Amino acid sequence: ACPIASDLEFIAVSSYQNSTTSSGVVQITRDLQYDITGRDLIIIEDILDSGNTLAYLRNHFINKGAKSITVVTLLDKPDRRAEHIKGVLETDYTGAVIPDEFVVGYGLDYDEKYRQLPFVGIVTPDAN
C-alpha cells in the first residue's frame, strides 16, 4: 500500500507495430482519462530503448500540465538511445541495464508472443 494519496492510471503507447525495431512513430492508443494539471507524475516503463517514446510522453504530459515527471524503468538499453536524446533523457530509477538485444518475457512481447514467460529472454532471428 502507498502511504500517500495517489491515483493510478494506465495508458497504451506503441512504436513497434509488430516488429523488433521501433518505427520511430509514437502512437498513443489509450490516453489519460484524468486531468493531470499541477500533478507530480511517475512514469513506470517496462523498457527504455531509443528513448523516443519516453521523450514523446514527457512532452505530452508537460503539455497537459504535469508539475513534475519521475521515470522508473525495469530495463534500460542505453546503447540504443537516439543521438538527440543521449544525455537529455535519463531514468530516475532503473531495475537493470541490458545490452542491445530484443527481449521478451515479464509482459514484454514480440508480435503478441512470449509475453507470459516468467523470465526475460532474447528473441533470436528465427523466433516465430
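From a predicted model like this one, the values you see are computed outputs, not experimental measurements.
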Would you mind writing out the side-chain donor-acceptor pairs for residues 60-68 within the sub-3.5 Å range, not counting sequence neighbours?
{"unit_1": "His60", "atom_1": "NE2", "unit_2": "Asp31", "atom_2": "OD1", "d": "3.1"}
{"unit_1": "His60", "atom_1": "NE2", "unit_2": "Asp31", "atom_2": "OD2", "d": "3.2"}
{"unit_1": "Asn63", "atom_1": "ND2", "unit_2": "Asn59", "atom_2": "O", "d": "3.2"}
{"unit_1": "Ser68", "atom_1": "OG", "unit_2": "Asp40", "atom_2": "OD1", "d": "2.6"}

Under 3.5 Å donor-acceptor pairs involving side-chain atoms of residues 91-108, not counting sequence neighbours:
{"unit_1": "Thr91", "atom_1": "OG1", "unit_2": "Thr94", "atom_2": "OG1", "d": "2.4"}
{"unit_1": "Asp92", "atom_1": "OD2", "unit_2": "Val71", "atom_2": "N", "d": "2.7"}
{"unit_1": "Tyr106", "atom_1": "OH", "unit_2": "Pro118", "atom_2": "O", "d": "3.1"}

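A donor-acceptor pair is defined here as one N or O able to donate and one able to accept, closer than 3.5 Å; no such pair exists between the side chain of Ser50 and the backbone of Ala82. No side-chain donor-acceptor contact under 3.5 Å links Asp111 to the backbone of Lys113.
No side-chain heavy atom of Leu41 sits under 4.5 Å from any side-chain heavy atom of Thr70. Side-chain contact between Leu75 and Leu48: absent, with no pair of heavy atoms (C-beta onward) separated by less than 4.5 Å.
Cluster annotation: Phe10 is not connected to Val72 through the hydrophobic network of ILVMFWY side chains, with a link wherever side-chain heavy atoms come within less than 4.5 Å. Both Tyr56 and Ile36 are assigned to one and the same hydrophobic cluster, defined by single-linkage of ILVMFWY side chains at heavy-atom distances under 4.5 Å. Grouping the Ile, Leu, Val, Met, Phe, Trp and Tyr side chains by contacts below 4.5 angstrom, directly or via other members, places Leu8 apart from Leu32. Grouping the Ile, Leu, Val, Met, Phe, Trp and Tyr side chains by contacts below 4.5 angstrom, directly or via other members, places Ile85 with Ile43.
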>> Between Glu45 and Leu74, does the side chain to side chain contact (heavy atoms under 4.5 Å, CB included) criterion hold? Intermediate values first, please.
In response: CA-CA 7 Å; Glu45 179 72 281; Leu74 175 63; over 6 Å; no

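Separation of atoms CZ (Arg39) and OH (Tyr34) is listed at 10.5 Å; rounding is to 0.5 Å.
Nearest heavy atoms, Val13 versus Val26: CG1-CG1, 3.5 Å.
More than 12 heavy atoms of other residues, nucleotides or ligands lie within 6.0 Å of CD1 in Ile11, so this atom counts as buried by the packing criterion.
Considering Asn52, Asp49, Asp76 in turn, Asp76 is the only one that fulfils the side-chain contact (heavy atoms from CB on, under 4.5 Å) rule with Arg81.
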